[in-house]
Amino acid sequence: MPEILVLYYSRNGATRALARQICRGIESVPQMQARLRTVPPVSADTDQKIAAVPDEGAPFVDKQDLRDCAGLILGSPTRFGNMAAPLKYFLDSTSDLWLSGSLSGKPAAVFTSTSSQHGGQESTLLTMMLPLLHHGMLLVGVPYTEPRLSATETGGTPYGASHVAGTGAPRALSRDEAELAIVLGRRVAEIASKLQSQSAQ
Ligand SMILES: Cc1cc2nc3c(=O)[nH]c(=O)nc-3n(C[C@H](O)[C@H](O)[C@H](O)COP(=O)(O)O)c2cc1C
């Protein structure tokens, strides 16, 4: 069954909560499956040793996951208005896939979480799109035909799914944030499904 790779980094769980809703959206599309993967943390000490398998949660991504996927949805917490280093570090290792065009023509989308409402969600989402464009991917957003996009008072943007996590105790996804994340997952899966059936003809 074709799979959409949901690849995220999350230190405190907010971005992971969005990833789970995106997977629900993907799996609401007949014959489409989600593959959830994460990346290891990085540190200034590049000799840092990490377990090959994380203690809990999604497995670490492998470049074969990118070759295999029918679409890719990339998520990161916002760090100073940009994606977090662990995700960027992994993406910087993908030049062989760029050379071979492994991701070219596949649909892609992005998601993020911030602590504050105006803390840079859109800059993070837009800059996360750049490596995907270099890979030749087809970017998918959330259309304004989704009424929640105009109504939301928390996260959820036309550029991708998002969550405003707050600064205190972890805030659960709002209904709008969760539903818009589901919409994004479903949209990428539907487009991937159509592209796959066209290429099979
Ligand atoms: C180094 C660093 C930089 C951050 N920069 C921002 C920022 O620019 N804007 C913002 O609103 N939140 C910022 N945050 C907060 C995180 O984006 C926020 O807590 C997010 O929900 C964490 O996601 P996670 O639970 O998936 O790790 C930053 C956090 C860290 C550690």
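In each ligand, atom 1 is the first atom listed, and ligand 1 is the first ligand listed. Note that the structure is a prediction, hence the values are computed from the model and not measured. Numbers here simply count residues along the sequence, with the first being 1.
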Checking a contact table here: which protein heavy atom is nearest [atom], and how many Å away?
| atom | answer |
| --- | --- |
| atom 16 (C) of ligand 1 | Thr78 O, 3.6 Å |
| atom 25 (O) of ligand 1 | Ala14 N, 2.8 Å |
| atom 1 (C) of ligand 1 | Arg79 CD, 3.4 Å |
| atom 9 (N) of ligand 1 | Gly119 O, 2.7 Å |
| atom 5 (N) of ligand 1 | Phe80 N, 2.8 Å |
| atom 21 (O) of ligand 1 | Ser113 OG, 2.7 Å |
| atom 22 (C) of ligand 1 | Pro77 CB, 3.7 Å |

Can you name the atoms of ligand 1, numbered from 1 with element, that are less than 4.0 Å from a heavy atom of [X]?
| X | value |
| --- | --- |
| Thr15 | 23 (O), 24 (P), 26 (O) |
| Ala165 | 21 (O) |
| Arg11 | 24 (P), 26 (O), 27 (O), 31 (C) |
| Gly81 | 8 (O) |

Can you check whether [X] reaches [Y] side chain to side chain, under 4.5 Å on heavy atoms?
| X | Y | result |
| --- | --- | --- |
| Lys106 | Leu72 | no |
| Tyr89 | Val39 | no |
| Pro131 | Met83 | yes |
| Glu179 | Val183 | no |
| Leu66 | Ser102 | no |
| Phe90 | Val42 | no |

Not counting sequence neighbours, which residues clear side chain to side chain contact (heavy atoms under 4.5 Å, CB included) with Pro40? List them please. Ile50, Phe60

Whether Asp96 and Arg67 form a salt bridge (side-chain N of Lys/Arg under 4.0 Å from carboxylate O of Asp/Glu) is what I want to check. yes

Among Ser115, Ser116, Ala19, which one puts a heavy atom closest to atom 15 (C) of ligand 1? Ser115

Atom 24 (P) of ligand 1: of Ser10, Ala84, Ser123, the nearest heavy atom sits on Ser10

Is Gly13 near ligand 1, meaning one of its heavy atoms is under 4.0 Å from it? yes

Looking at Val61, Asp65, Val6, Leu7, which one forms a side-chain contact (heavy atoms from CB on, under 4.5 Å) with Arg35? Asp65

Counting both backbone and side chain atoms, is some N or O of Arg16 under 3.5 Å from an N or O of ligand 1? no

Where at least one partner belongs to residues 156-166, residue pairs that pass side chain to side chain donor-acceptor pair (under 3.5 Å), sequence neighbours excluded: Gln121-Ser162, His163-Glu177

